[in-house]
Amino acid sequence: PGSRLCATCARPNYARGSGKGSCEKCSKVWNLIFFISSIAFGLAGFTVLLRLTLFERRKVKLSDGVKKIGINYLQFASLALNLNLPWTRPLQQLFQWQNYGVSISNAMLSLDCVLAETHTTFEVFELKFFSTLLLPFIFVPIGYGIVRFILKGGRNESMAALILFWYLMYPSIIKSITTLVACTGPIGGTKRYLILDPEIECFNYSSYVWVGLVSGLVFYVVGLPLFSILTLKRMDRDDAGNRLKYGILYDGYESETFWW
């Protein structure tokens, strides 16, 4: 009892799974295929979502509220697997596949198995962590290409696509950041260890991990919501151009409680 080895996956045959504290059997070839297909599936799903949420919205409708509920549900799906709840196997798979449809970054879950022979669990997490933090910026030219050449949209639609992507990415970013502060109880005295990888002592990270953690907290956890609220508060939310670009953040809400 209390041994950290009980929570360690037997790499390279097993790697950290999608559920909290779980391990999954690895198949390097299939996981590489899954990684590539998940990126393609994520891009296709996001393109469809763009078509439904941006290119059909020209006035406030009841369907905007329905779309908001659907998108919020997809955001919940991206966080559900990280909750300490006894999800059944079918529900775990359902949440995981729904998550891939709107968050390309989660395709990198399969990297745990692809890199199991050459990297530790924490080293793979570091790669995914920094990729998740940088993906919203990497997506700028990708989103522009989807809107401009596939959906035939303009500058406003490109801005709206970027905001929608950041909106959908937010739970994944929060999940990555909170993983670094999700620790076990005291083991062998007062030391606590990372739930993701019990070989790593909590908060005993390298300087560049700390830079990523602090930057993520300041820019994403605090900065993005604060900037969004201030922007929406100061602008004309009924203007057609503003509604097209920023409507995903407040469509379906009452004007007085747009921030909620």
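Heavy-atom basis, side chains included; hydrogens, waters and symmetry copies ignored.
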Transitively linked via ILVMFWY side-chain contacts under 4.5 Å: [X] with [Y]?
| X | Y | value |
| --- | --- | --- |
| Phe227 | Tyr246 | no |
| Tyr144 | Val147 | no |
| Phe165 | Phe149 | no |
| Val181 | Val211 | no |
| Phe137 | Tyr208 | yes |

Rounded distance [0.5 Å steps], [atom1] in [X] versus [atom2] in [Y]:
| X | Y | atom1 | atom2 | result |
| --- | --- | --- | --- | --- |
| Ile150 | Arg51 | CD1 | CZ | 13.0 Å |
| Met235 | Lys245 | CE | NZ | 8.5 Å |
| Ile146 | Leu43 | CD1 | CG | 5.5 Å |
| Leu162 | Ile142 | CG | CD1 | 11.5 Å |
| Ser176 | Leu213 | OG | CG | 11.0 Å |
| Ile187 | Cys202 | CD1 | SG | 9.5 Å |

Where do [X] and [Y] come nearest, in terms of heavy atoms and distance?
| X | Y | answer |
| --- | --- | --- |
| Asp239 | Gly241 | OD2-N, 3.1 Å |
| Glu126 | Ser206 | OE2-OG, 4.2 Å |
| Pro186 | Arg192 | CD-NH1, 3.5 Å |
| Arg237 | Tyr250 | O-OH, 2.6 Å |
| Val209 | Phe130 | CA-CZ, 4.0 Å |
| Thr118 | Glu123 | O-OE1, 4.2 Å |

Quick one: does [X]'s side chain get under 4.5 Å of [Y]'s, heavy atoms only?
| X | Y | answer |
| --- | --- | --- |
| Tyr170 | Pro225 | yes |
| Thr120 | Glu199 | no |
| Leu135 | Met169 | yes |
| Ile200 | Tyr193 | no |
| Leu249 | Leu232 | yes |

Checklist entry - Which one of Trp210, Phe203, Tyr205 satisfies the side chain to side chain contact (heavy atoms under 4.5 Å, CB included) criterion with Leu180? => result Tyr205
Checklist entry - Do any N or O atoms from the side chain of Thr132 and from the backbone of Ile173 form a donor-acceptor pair under 3.5 angstrom? => result no
Next on the checklist: Closer than 3.5 angstrom, by distance alone: can the side chain of Asn242 be matched with the main-chain N or O of Asp236 as a donor-acceptor pair?
Outcome noted: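 A pair under 3.5 Å: yes.
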Checklist entry - Would a line drawn from the ring center of Phe139 to the ring center of Phe46 be shorter than 6.0 Å? => result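 Ring centroids of Phe139 and Phe46 are less than 6.0 Å from each other.
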Item to check | Stepwise side-chain contact (heavy atoms from CB on, under 4.5 Å) test for Phe129 and Thr179 | outcome: CA-CA 9 Å; Phe129 175 66; Thr179 297; over 6 Å; no
Checklist entry - Would Leu151 and Glu157 satisfy side-chain contact (heavy atoms from CB on, under 4.5 Å), going step by step from the backbone distance to the final call? => result CA-CA 9 Å; Leu151 299 176; Glu157 285 82 5; over 6 Å; no
Checklist entry - So Trp166 and Phe219, would you call those rings parallel, tilted or perpendicular, with 30° and 60° as cut-offs? => result perpendicular
Checklist entry - Can you tell me if CD on Glu201 sees more than 12 non-hydrogen neighbours from other groups inside 6.0 Å? => result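 Atom CD in Glu201 is crowded, with more than 12 foreign heavy atoms closer than 6.0 Å.
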Item to check | CA sep, side-chain torsions, deciding dist, call: Ile163, Met159, side-chain contact (heavy atoms from CB on, under 4.5 Å) | outcome: CA-CA 6 Å; Ile163 292 173; Met159 175 63 73; 4.1 Å; yes
